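The structure under discussion appears below in the form of C-alpha cells.
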Amino acid sequence: MIVEKNIEDTRRIVTEWHRKGFSIGLVPTMGYFHDGHLELMKRAADTADKVVVSLFVNPTQFGPSEDLAVYPKDFDGDCAKAREVGADLLFCPEPDMIYAPKHCTEVTVGDLTEGLCGADRPGHFTGVATIVSKLFNIVRPNHAFFGEKDFQQLTVIRQLVADLNFTVSIVGVPIVREPDGLAMSSRNAYLSRSEREAALVLFQALSRIKQEVLDSDGMRDSQDLLVKARELMETKPPCRVDYLEIVDEKDLSPVSTVKGKCRVLGAIRVNDRIRLIDNLALYMA
Ligand code: PAF
C-alpha cells in the first residue's frame with residue numbers, strides 16, 4: 001500500500017491507474033478505523049481494481065465547540081488495517097495542503113442539510129460537501145463508498161453528485177454493529193463503560209419503532225411511535241435526545257404515517273459530551 005500526503009503525487013498515481021484502464025474505488029474517512037470502515041474498504045476492493053482510502057480529519061466540518069482537537073487518531077494502526085483489507089493507496093494530506101491560505105470556495109447542498117444533524121451542526125454539511133468534492137476531483141474515483149450510519153450525509157452526497165454532474169457512482173454500505181447492536185463509530189472510543197451501556201438506548205429505541213412497524217400493516221402514526229421511543233430514551237438520563245425523526249428515505253422529509261421506504265433517524269448526546277447517531281430502515285430490505 002502506498003502512503004501519500006501530497007495531492008500532486010496522488011494525482012499522478014491515479015492518472016496512471018486510469019490510463020491503464022483500472023477502475024478506482026474511493027473510501028473517504030477521518031481515520032481511527034473500526035470494522036465499519038473496513039467494511040467500506042472491503043466493498044471497494046470487491047468493486048474496483050484499485051482502492052484509495054483518504055484519511056483526513058476535515059476541520060471545516062467541525063463546529064467551534066465540537067471535538068476536532070481530540071478526535072481519536074491511530075495512524076500506524078490505520079495503515080496496518082487498510083493494508084490488511086487490500087487498500088492500494090492511503091491518501092493522508094495535511095490540512096494546509098487541502099485548504100491553502102486563500103481557500104475561499106465552499107460547496108453547500110440546499111434543503112437536505114437543514115434538518116436532522118444539519119439543524120444541530122450548522123455548517124457541518126458544507127464542510128463535508130466541500131471536502132468530498134475536493135477528494136472526488138483529486139482521486140477521480142469511479143465509485144465512492146459511504147456508510148449508511150451517516151444516512152443524511154449519504155443522501156447529501158448523492159444529491160451533490162447529481163447536482164454537480166460528478167461521474168462517480170455512490171455506494172451506500174449497511175451499518176456495522178457491535179454484538180449488542182451499538183452502531184460502530186470512532187466516537188464510541190470516548191464512552192466510559194457506563195456511558196456505553198446507556199448509549200445503547202438509541203439502538204433500542206430505533207429497534208422498538210422498527211418492530212412496531214413490522215408487526216403492524218406498515219401504516220403506523222409516526223408521532224405515536226416517536227413519543228413512545230422518546231419515553232424509553234428518557235430512562236437513560238446521561239443520554240439526551242438531539243432528534244428522533246421518521247423520514248422518507250429518498251428526500252429525508254418527515255412523514256406523518258409510516259408507509260413505503262421510511263427510515264427512523266436519531267441522534268443523542270451522552271453526558272452532553274459525546275454525540276452519537278444511528279438509523280434503521282422501517283421495512284424489510
Ligand atoms: O464520514 C466521514 O468520516 C466524513 O464526514 C467524510 C465523509 C470522510 C468527510 O470528511
Side-chain angles (χ1 to χ4, degrees), residues 5 7 10 24-41 43-44 51-63 66-75 77-78 81-82 87 89-99 103 105-109 112-113 116-118 120-139 141 143-161 164 166 168-176 183-190 265 267 274-279:
K5 283 179 181 296
I7 293 177
T10 299
I24 298 181
L26 171 67
V27 181
T29 80
M30 298 205 301
Y32 208 66
F33 297 155
H34 50 68
D35 285 354
H37 293 110
L38 302 185
E39 193 57 32
L40 299 179
M41 295 176 206
R43 280 293 297 277
V51 176
V52 178
V53 176
S54 65
L55 193 173
F56 180 64
V57 183
N58 175 36
T60 65
Q61 69 187 74
F62 288 78
E66 293 184 355
D67 55 345
L68 173 63
V70 294
Y71 198 81
K73 291 189 176 58
D74 175 15
F75 184 72
D78 285 351
K81 289 176 186 165
L89 168 62
L90 185 76
F91 173 51
C92 47
E94 296 295 337
D96 57 356
M97 167 144 295
I98 291 290
Y99 297 112
H103 187 284
T105 303
E106 289 182 332
V107 181
T108 296
V109 180
L112 283 174
T113 61
L116 305 165
C117 287
D120 201 52
R121 305 185 71 190
H124 168 70
F125 286 113
T126 292
V128 170
T130 304
I131 186 62
V132 169
S133 302
K134 286 167 77 72
L135 291 169
F136 287 169
N137 282 328
I138 294 166
V139 177
H143 315 275
F145 298 80
F146 295 87
E148 285 185 350
K149 183 171 74 71
D150 295 87
F151 197 80
Q152 186 176 15
Q153 170 173 283
L154 175 61
T155 311
V156 166
I157 287 163
R158 288 192 198 283
Q159 186 73 43
L160 164 80
V161 165
L164 296 189
F166 283 109
V168 56
S169 84
I170 301 300
V171 182
V173 178
I175 299 174
V176 179
M184 290 204 181
S185 163
S186 302
R187 290 188 167 104
N188 291 350
Y190 300 144
L265 276 66
I274 308 157
R275 190 171 182 284
L276 300 174
I277 58 174
D278 197 353
N279 67 82

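When a ligand or atom number is given, it counts from 1 through the structure's own listing order. Here the structure is a predicted model, which is why all the values come from computation and not from measurement.
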For ligand 1, which atoms have a heavy atom of Pro28 less than 4.0 angstrom away? 8 (C)
Considering both backbone and side-chain atoms of Asn58, is one of its nitrogen or oxygen atoms within less than 3.5 Å of a nitrogen or oxygen in ligand 1? no
Under 6.0 Å from the CZ atom of Phe136, do we count more than 12 heavy atoms belonging to anything else shown? yes
Considering only heavy atoms of Thr29, which atoms of ligand 1 have at least one such atom less than 4.0 Å away? 8 (C)
Name the closest protein heavy atom to atom 3 (O) of ligand 1, giving the residue it belongs to and the distance to 0.1 Å. Met30 CG, 3.6 Å
Sequence neighbours excluded, the answer for side-chain contact (heavy atoms from CB on, under 4.5 Å) partners of Asp35 is Leu38, Val176, Met184
Gln61: numbered ligand 1 atoms lying under 4.0 Å from its heavy atoms: 4 (C), 5 (O), 9 (C), 10 (O)
I'd like to know if the side chain of Asp150 and the backbone of Gln153 have a donor-acceptor N/O pair within less than 3.5 Å. no
Do side-chain atoms of Lys149 reach the backbone of Ala183 as a donor and acceptor pair under 3.5 angstrom? no
So which protein heavy atom does atom 1 (O) of ligand 1 come closest to, and at what separation? Gln153 NE2, 2.9 Å
Those atoms of ligand 1 less than 4.0 Å from some heavy atom in Ile131: 9 (C), 10 (O)
For Asp150 and ligand 1, does the shortest N/O to N/O distance drop below 3.5 Å? no
Relative to each other, are the rings of Tyr99 and His103 parallel, tilted or perpendicular (30° and 60° limits)? perpendicular
Correct closest heavy-atom pair for Gly25 and Phe145 would be CA-CE1, 3.9 Å
